[in-house]
Amino acid sequence: MPIDTTEPAVIRRSAEELLDGLNPQQSEAVQYSGPALLIGAGAGSGKTRVLTRRIAWALSQWNAWPSQILAITFTNKAAREMKDRLETLIGPAAQRMWVSTFHSACVRMLRRDGEAVGLNRSFTIYDQADSIRLMRTIEQEHGLDPKRVKPRDVLSAISDCKNELKGWRMQLKEYAPDYKPGQPSNLGHLEPGDMLNACLYAEYQRRLEAANSVDFDDLIMRTVQMLQVDPQAAAYYRHKFRYIFVDEYQDTNHAQYVLVRELSGVDTTSGASGVAGAAGAAGAAHAAGTQYMQLSPQPQQAQPNWVTVVGDSDQSIYAFRGADIHNILDFEKDFPNAKTVMLEQNYRSTQTILDAANAVISKNAGRTPKKLWTQEGAGSPIVGYAADDDLQEAQWVAGEIARLVAEDGFTYGDIAIMYRANAQSRRFEEAFINAGIPYQLIGGTRFYERKEVKDSIAYLQCITNPSDDVSMRRILNVPKRGLGERAEALVADYAQTQGITFWQALGNTEQIPGMTTRMANPLHAFRSMMEDLIAYAAEHDANPSDIVAHVLQTSGIIDELRKAKDEQEQGRVENLSQLQSVAAEYEQNTPDSSLAGFLESVALVADSDQLPDEGEQRGSVTLMTLHTSKGLEYPVVFLVGMEEGTFPHSRAMDNVTEMAEERRLAYVGITRARKRLYVTRAGERTQWGKAETMLPSEFLDDIPDKLIDWKRKETSVESGESEFGEFGGFQGFGGFGGSRSFDGFDGSSSRGASRGGSHGRWGARSGGASTGSGGSSRNWRDGARGERAFGASGDDYGFDSDYPFDDDDYSTFGAASFGGSSDSRSGSRGRSYDGSSNDFGSRGSSYRSSRSSSYGSAGSSYGSGDSGRRGSSHFRYGTPQEGSSYRSGRSGYGNSGSGSSGSYGSGCTRNGKVTTRRVPRQAPGTGSTAASSGSSAPRNGLSISDLHVGDLVSHDKFGLGKIISTEDKGDNSVVTVDFGSDGIKRLMLRMAPMEKL
DNA sequence: TTGTCTTCCCTTTTT
DNA sequence: GGGAAGACAA
């Protein structure tokens, strides 16, 4: 192997090595020599490989130095992986490259040179919760009601400004020229809007600056500012980073785009003349209306730095966060002499999966046509499943996973569940726990958002940066020191009037008007305790874990939690011990560790950082959102919740742009799968504690029928094979058409109050089963439902022969899933991180929640009764109620309330065995009965062939509407109707209480 | 001032 | 259903 080490520690690879195994396009992308390169990398086209090889190419073929490389990724995990790959390619010298996220890179630059924009190097980074807290304070100080003017909304407007590099002065000038920030004023009379936002932006920014703090968006914006106002710093970085690489370029926002531009020097070098003039104009046009700041006036060097960006416009899924897809679409206009190389050959998925992906994405208008292809064969068909409800969906998935592992040779780690929103994870967690399937949940409630962890971190932030008012006020009375609202307000007011920080005010309590000794004493004690902590931290700066331990002890946080008896508080103690472990790990992995560095690493973690690194053992099924899944791949992927309103999300459905993004998200999801893809949906979904009828996602319609093998095509309601059918659940529908009691009986796809469906029905018949009788009603219903799905244990499934599982499907299922009894789980904490794990040591575990790490090893021990308190609310389903002998039986699901009107009736638990039998319709305790649409689904007499676009209809609930599209799917035909102010609804024709006019 | 009860929103997606 | 902020009483 020809290794040439002209620079110590850099392994110089030969051209042959670096091009080995690449296809012509990849090879071209690696070698292309020029100032600007866009690699259009379709999903699974080997872009990371190309990117790392290109970096190695720069080092070995162009004699670049590692320190001249800046490679930007979107997540820490991606950065870490790229660094690892580079290290294997070029050796330890890879450590000298900057391979990091935008945010980390900016922190690094600001710590070094932030003085130019007024940032002391110990600045703190506010997360969203901190920002909301600050905004709420500001609002209250200005006579605004945080309920009326939602801090989150204001902050999102501010975030938009920052992403477009609009400073507060600019906003103020435009929308509230008379407003004087920093002075007491009442904004209570202002309506939410640009003017108010501008005022609050100014106040917010003023407070951030006083607190020597930044929020996430500031990291980018202020770095750009710094490069623009500090010629020395700009020159330094422009000279340093000769080669800039940006991954996931389609997800950059305007600020990030300008940052790249600033660093490249494309606007400031002689190389930018000529063609660059045009490009500059294009750039400016692109930024039209955003008025970003003046660019640095002087060229610093002869040539712009070389920029390589990689991305796929079809995978742009962060527009909601300000990502501007035009950055990638206009790259060739923005950067002079840019070259584009497209990678379309896919090395990941089967042709079937790619066909589905292509079919879905091709419906997006205005995209550059692109078609993924593979040399792999067609592979297995996509498997579809339509469950009756979300519970059954999760159970079916659990069963199928058990089968995949038992029969098809997959491991749990091969499998991922992807959903649109985090809230969907719970059902799957429950089903997996019950089935003994080890899983790992990515995202959701984050470790660092837990109260006790945030409190502790606030202490640390105050120690490094006592000006941080938000954190200081947060911990003033944590643990309780008898310092309430009043004391805090006195100090805060004083600080405000004196123009000093909260911390400084604490040093002058005797000056504060209205101060009583009862308040002054604990205030003094607090201040001197903090001084001690600061002194301690100064001595032990390189050992954050010691500082954490010391803070937890000295502050009394730990003691307060330990005193509390209940389990929840104990879990919190464990979270804090994990925080300590995270600090210890940071310390070990970071040569120049410091408290500030630790805080920074904590502030910038992302959900995806919880994912195990490559090569790490992945022994569990992964659950995550589609967003988090970007960049990952799994042999088996379950795309769940494929329903209108769930995915696409209801909030996106009336907006063309957002729908396009949803579609890209679907594309991302589909292309994560390598060998097997599943798509599942539920006919009814419980959301906000209420059930809603769901229609199939339009993305399912977009996938050609021949690609999907439906294990179950319709829900029992849709197919009319509901087990309740024979009872004539539709007696209740006698009143159909005339009766308003069927409110919501429209199968409409989504949107708040207009949703409804079978529950409206049930409710009508039962006097409000879904909401009326509260807990017991719900328990009963879920019990009944669980019963339906699982029937009973082991040998007695209780399924009727027409139950729509294939025999294959549940033979394995039952065996693998329902062995043990689980009633000893006493969980009360639901989804919390209960921290029962002490798996702190290994890399990658540091950011992982305890729950996920401990699942990894749990294996099949779930389902047995010894799993401690990992319970979740779901076990409540097995809770005794109404004196029945529940719980003596098996898993939480197996038990059931008794009574439903349907043929399935219920299982009653007897002698630890669940039996299925038919029972009279009255459910004990609830008075509820259940009914569901049966085969005798009522007809409104409408046939799809009678309806045409433009026809007027009258709907019982929505009133007059006009048909804007019809979809003939036989019994399941759907019409889309515009009801004016009630919005556009997709209605299942045969269900809609509607007539043609 | 603290603890408990009530109400409100919540659910997009995240660096 | 559930967490968190606000309202209210001890």
Side-chain angles (χ1 to χ4, degrees), chain A residues 72-79 100-107 125 127-129 132-133 136 140 145-147 150-152 156 159 162-163 215-220 248 251-253 255-256 316-323 418-426 442-446 449-451 477 480-488 518-519 522 603-609 624-630 641 645-653 658 661-662 664-665 668-669 685-691 750 752 770-771 774-775 777-779 782 829-832 872-874 876:
Chain A
I72 303 281
T73 60
F74 254 71
T75 63
N76 299 302
K77 175 181 149 64
S100 70
T101 62
F102 267 110
H103 294 268
S104 303
C106 286
V107 170
I125 302 166
D127 65 12
Q128 201 193 6
I132 287 177
R133 225 180 154 89
R136 178 172 291 120
Q140 282 160 349
D145 176 8
K147 267 190 185 153
K150 299 223 170 54
R152 198 181 290 266
S156 128
S159 173
K162 290 182 175 180
N163 288 336
D215 63 20
F216 283 137
D217 302 312
D218 276 338
L219 287 173
I220 315 289
E248 307 284 9
D251 286 327
T252 51
N253 60 35
Q256 290 163 333
S316 165
I317 53 173
Y318 284 110
F320 72 92
R321 209 167 76 195
M418 298 175 190
Y419 36 80
R420 179 63 177 82
N422 276 309
Q424 288 167 256
S425 68
R426 170 171 267 158
I442 308 298
T445 314
R446 292 167 59 181
E449 285 166 8
R450 309 205 64 78
K451 180 183 181 301
N477 199 30
K480 301 226 166 5
R481 317 188 160 87
L483 289 169
E485 212 176 306
R486 190 159 158 67
E488 184 189 335
R518 183 152 160 241
M519 281 185 243
L604 298 177
V605 286
D607 283 343
S608 59
D609 295 325
M624 70 190 124
T625 64
L626 286 157
H627 281 86
T628 304
S629 78
K630 196 170 66 159
T646 307
F647 185 37
H649 194 272
S650 54
R651 302 261 290 247
M653 286 175 60
E658 286 179 46
E661 182 147 315
E662 295 288 304
R664 290 193 293 268
L665 195 53
V668 166
R685 181 170 295 280
T686 310
Q687 281 172 321
W688 308 290
K690 235 182 101 204
S750 63
S770 59
T771 52
S777 161
R778 196 189 144 64
N779 279 343
D782 279 319
R829 304 186 48 225
R831 291 155 67 77
S832 56
S872 65
S873 59
H874 124 80
R876 231 165 291 153

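These values consider heavy atoms only, across backbone and side chains, with no hydrogens, waters or symmetry-generated copies. A, B, ... follow the sequence lines: proteins, then strands. Residue 1 opens every chain.
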Enquirer: Between atom CG in A:D217 and atom C1' in B:dT15, what is the gap in whole Å?
Expert: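 Checked: the CG to C1' distance equals 9 Å.
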
Enquirer: So A:T628, base contact, sugar-phosphate only, or nothing? Heavy-atom distance under 4.0 Å.
Expert: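 Answer is sugar-phosphate: A:T628 comes under 4.0 Å of backbone atoms only.
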
Enquirer: Which nucleotide, B:dT14, B:dT15, B:dT11, lies nearest any side-chain atom of A:T101?
Expert: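 So the side chain of A:T101 is nearest to B:dT15.
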
Enquirer: Mapping A:R152 and A:F216 onto DNA chain B by nearest heavy atom, which one lands closer to the 5' end?
Expert: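 Closest to the 5' end, via its nearest nucleotide, is A:R152.
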
Enquirer: Are side-chain N/O atoms of A:S159 and A:S156 paired as donor and acceptor at under 3.5 Å?
Expert: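 No.
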
Enquirer: Let's see if you can work this out: which of C:dG6, B:dT13, B:dT11 has an atom nearest to the side-chain heavy atoms of A:T625?
Expert: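 Minimum distance to the A:T625 side chain belongs to B:dT13.
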
Enquirer: Expressed as a whole number of Å, how far does the P atom of B:dT13 sit from that of C:dA4?
Expert: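 Result for the P pair: 16 Å, nearest Å.
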
Enquirer: Pick out the pairs of N or O atoms, protein on one side and nucleotides 2-7 of chain B on the other, that lie under 3.5 Å.
Expert:
| residue | atom | partner | partner atom | Å |
| --- | --- | --- | --- | --- |
| B:dT2 | OP1 | A:G482 | N | 3.1 |
| B:dT2 | OP2 | A:N477 | ND2 | 3.4 |

Enquirer: Please evaluate residues A:V668 and A:I317 with respect to the criterion side-chain contact (heavy atoms from CB on, under 4.5 Å), reporting the C-alpha separation (whole Å), side-chain torsions for both, the decisive distance (0.1 Å), and the verdict.
Expert: CA-CA 9 Å; A:V668 166; A:I317 53 173; 4.2 Å; yes

Enquirer: NZ of A:K451 versus C1' of C:dG3: gap in Å, rounded?
Expert: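 In whole Å, C:dG3 C1' and A:K451 NZ are 14 Å from each other.
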
Enquirer: What is the distance, rounded to the nearest whole Å, between atom CD of A:Q128 and atom P of B:dC10?
Expert: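 These atoms are roughly 13 Å apart.
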
Enquirer: With nearest nucleotides of DNA chain B determined for A:A652 and A:H103 from heavy-atom distances, which residue corresponds to the more 5′ nucleotide?
Expert: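 Its nearest nucleotide lies further toward 5', so the answer is A:A652.
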
Enquirer: Figure out the CG/C1' separation between A:D127 and B:dT14, and round it to whole Å.
Expert: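 My rounded result for the distance is 12 Å.
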
Enquirer: Using atom NE2 of A:H627 as one end and atom P of B:dT11 as the other, report the distance to the nearest whole Å.
Expert: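 So the two atoms are 15 Å apart, to the nearest Å.
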
Enquirer: Rounded to whole angstrom units, what separation is found between the NE2 atom of A:H649 and the P atom of B:dT14?
Expert: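 My rounded result for the distance is 12 Å.
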
Enquirer: Examine B:dT15: is either OP1 or OP2 under 4.0 Å from a nitrogen or oxygen in the side chain of A:N163? Give yes or no.
Expert: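 For A:N163, the contact criterion (side-chain N or O under 4.0 Å from OP1 or OP2 of B:dT15) is not met.
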
Enquirer: Quick one: do A:F320 and A:H649 satisfy ring pair (Phe, Tyr, Trp, His ring centres under 6.0 Å)? Show the steps, please.
Expert: CA-CA 13 Å; A:F320 72 92; A:H649 194 272; over 10 Å; no

Enquirer: Atom CE of A:M519 and atom C1' of B:dT1: how far apart are they, to the nearest Å?
Expert: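 Between C1' of B:dT1 and CE of A:M519: 11 Å.
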
Enquirer: Which nucleotide sits closest to the side chain of A:R321: B:dT13, B:dT15, C:dG2?
Expert: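 When the side chain of A:R321 is considered, B:dT15 is the closest of B:dT13, B:dT15, C:dG2.
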
Enquirer: Is A:R321 salt-bridged to A:D251, going by a charged N under 4.0 Å from an acidic O?
Expert: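 Judged by the 4.0 Å cut-off on N to carboxylate O distance, A:R321 and A:D251 do not form a salt bridge.
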
Enquirer: Select one nucleotide: of C:dG6, B:dT13, B:dC9, the one nearest the side-chain heavy atoms of A:K150.
Expert: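 So the side chain of A:K150 is nearest to B:dC9.
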
Enquirer: Quick one: does any side-chain atom of A:Q256 pair with a main-chain N or O of A:F102 as donor and acceptor, under 3.5 Å?
Expert: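 Judged by distance alone, no pair lies under 3.5 Å.
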
Enquirer: Can you check the A:K162 NZ to B:dT14 P distance for me, whole Å?
Expert: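 The answer, rounded to whole Å, is 21 Å.
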
Enquirer: So which nucleotide from B:dT13, C:dG6, B:dT1 ends up closest to the side chain of A:Q140?
Expert: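 For the A:Q140 side chain, the nearest candidate turns out to be C:dG6.
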
Enquirer: When we call it a touch if two heavy atoms are under 4.0 Å apart, what does A:F102 touch: a base, just sugar-phosphate, or nothing?
Expert: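 Contact class for A:F102: none.
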
Enquirer: Ignoring hydrogens, what is the shortest heavy-atom contact between A:P648 and A:M653? Give both atom names and the distance.
Expert: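 In terms of heavy atoms, the two residues are closest at O-SD, 3.8 Å.
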
Enquirer: Is there a side-chain contact (heavy atoms from CB on, under 4.5 Å) between A:N76 and A:S104 once you walk through the steps?
Expert: CA-CA 8 Å; A:N76 299 302; A:S104 303; 3.7 Å; yes

Enquirer: For A:Y318 and B:dT14, say yes or no: do the ring centres fall under 5.5 Å of each other while the ring planes differ by less than 30°?
Expert: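 Per 5.5 Å and 30° rule: no stacking.
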
Enquirer: If the condition is salt bridge (Lys or Arg N to Asp or Glu O under 4.0 Å), which residues does A:K150 pass it with, not counting sequence neighbours?
Expert: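 Scan of A:K150 (salt bridge (Lys or Arg N to Asp or Glu O under 4.0 Å), adjacent residues dropped) gives none.
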
Enquirer: NA contact type, A:E488, heavy-atom cut-off 4.0 Å: base, sugar-phosphate, or nothing?
Expert: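 No contact.
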
